[in-house]
Amino acid sequence: QPRLVESGGGSVQAGESLRLSCKAIGISSLCFPVAWFRQAPGKEREGVASIEYHGEDIVYAESVEGRFTISKDDAKDTVYLQMVSLKPEDTGVYYCAAQCRNRAIWRPPTIDPFLYNNWGQGTQVTVSS
């Protein structure tokens with residue numbers, strides 16, 4: 001069963017860092033772009049960052065620009081989200097998602113959640129002040 005598995009969440013103090021991982025299991029290279037989303041209690045899911053197949057085009061939400069970095073390691077079938085200078089407002093469940101299609105057509109990165117059809121279970125990130 002193809003799936004995405006997130007890891008790396010935890011509880012940190014403001015100003016600290018975390019690195020999230022999104023491991024693709026049984027998912028082909030047709031599943032790009034990949035994006036990270038987050039959802040805080042009582043709020044809508046928010047797009048954080050997205051990376052396309054070649055890893056050259058990347059999109060970030062304004063709220064994380066300059067603090068978060070998305071990257072990928074093809075050999076490990078893993079996409080990462082490096083988060084530094086974390087703030088309490090970064091708290092939430094972080095989800096990894098991929099656009100999976102049956103045709104190898106390049107698609108640009110996007111943080112629109114409605115364009116993603118394969119989601120992980122999420123990993124909790126809690127930032128205390």
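Hydrogens, waters and symmetry mates play no part in the numbers below; they use all other heavy atoms, side chains included.
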Subject >> Joint cluster assignment, Val125 & Val12, ILVMFWY side-chain distance < 4.5 Å >> reply: yes
Subject >> Distance-minimising heavy-atom pair for Ala97 and Phe37 >> reply: CB-CE1, 3.9 Å
**OP:** Taking all heavy atoms of Tyr116 and all of Trp119, pick out the closest pair and write down the distance.
**Re:** O-NE1, 3.3 Å
**OP:** Is it possible for you to say whether Tyr80 and Tyr95 belong to one hydrophobic cluster, with membership spreading through side-chain heavy-atom contacts below 4.5 Å?
**Re:** no
**OP:** Mind checking the CG-CD1 spacing from Leu20 to Ile70? Nearest 0.5 Å is all I need.
**Re:** 10.5 Å
Subject >> Residue pairs passing the side chain to side chain donor-acceptor pair (under 3.5 Å) test where at least one lies in residues 10-22, sequence neighbours excluded >> reply: none
**OP:** Report the residues that fulfil side chain to side chain contact (heavy atoms under 4.5 Å, CB included) with Glu65, sequence neighbours left out, ordered by chain and then residue number.
**Re:** Tyr60
Subject >> From CA spacing to verdict: side chain to side chain contact (heavy atoms under 4.5 Å, CB included), Tyr94, Glu6 >> reply: CA-CA 8 Å; Tyr94 282 68; Glu6 302 97 333; over 6 Å; no
Subject >> Donor-acceptor contact present, side-chain Lys76 to main-chain Lys23, <3.5 Å >> reply: no
**OP:** Would you indicate whether the side-chain heavy atoms of Pro113 and Glu44 approach each other to under 4.5 Å?
**Re:** no
Subject >> Inter- and intrachain pairs under salt bridge (Lys or Arg N to Asp or Glu O under 4.0 Å), touching residues 54-63, at least two apart >> reply: none
**OP:** Hey, could you give me each pair passing disulfide bond (SG atoms under 2.5 Å apart) that has a residue in residues 85-129? Not counting sequence neighbours.
**Re:** Cys22-Cys96, Cys31-Cys100
**OP:** Could you tell me the separation between the CH2 atom of Trp106 and the OH atom of Tyr53, rounded to the nearest 0.5 Å?
**Re:** 13.0 Å
Subject >> Distance-minimising heavy-atom pair for Lys72 and Gly55 >> reply: CE-N, 3.5 Å
Original post:
Taking atom OG1 of Thr110 and atom CD1 of Ile51, what is their separation to the nearest 0.5 Å?
Top reply: 14.0 Å
Original post:
Which atom names give the shortest non-hydrogen contact between Leu81 and Trp36, and what distance separates them?
Top reply: CB-NE1, 3.5 Å
Original post:
If you measure from CD on Gln99 to CZ on Phe32, what distance do you get to the nearest 0.5 Å?
Top reply: 11.0 Å
Side-chain donor/acceptor pairs under 3.5 Å, residues 83-90, sequence neighbours excluded:
{"from": "Asp90", "atom 1": "OD1", "to": "Arg38", "atom 2": "NH1", "distance (Å)": "2.8"}
{"from": "Asp90", "atom 1": "OD1", "to": "Arg67", "atom 2": "NH2", "distance (Å)": "3.0"}
{"from": "Asp90", "atom 1": "OD2", "to": "Arg67", "atom 2": "NH1", "distance (Å)": "2.8"}
{"from": "Asp90", "atom 1": "OD2", "to": "Arg67", "atom 2": "NH2", "distance (Å)": "3.4"}
{"from": "Asp90", "atom 1": "OD2", "to": "Lys87", "atom 2": "N", "distance (Å)": "2.8"}

Subject >> Interatomic spacing from CD in Glu52 to CD1 in Ile58 - rounded to 0.5 Å >> reply: 8.0 Å
Original post:
Ile111: which other cluster members, linking ILVMFWY side chains closer than 4.5 Å, directly or transitively?
Top reply: Val59
Subject >> Atom of Ser129, atom of Ala14 and distance for their closest heavy-atom approach >> reply: CA-CB, 4.3 Å
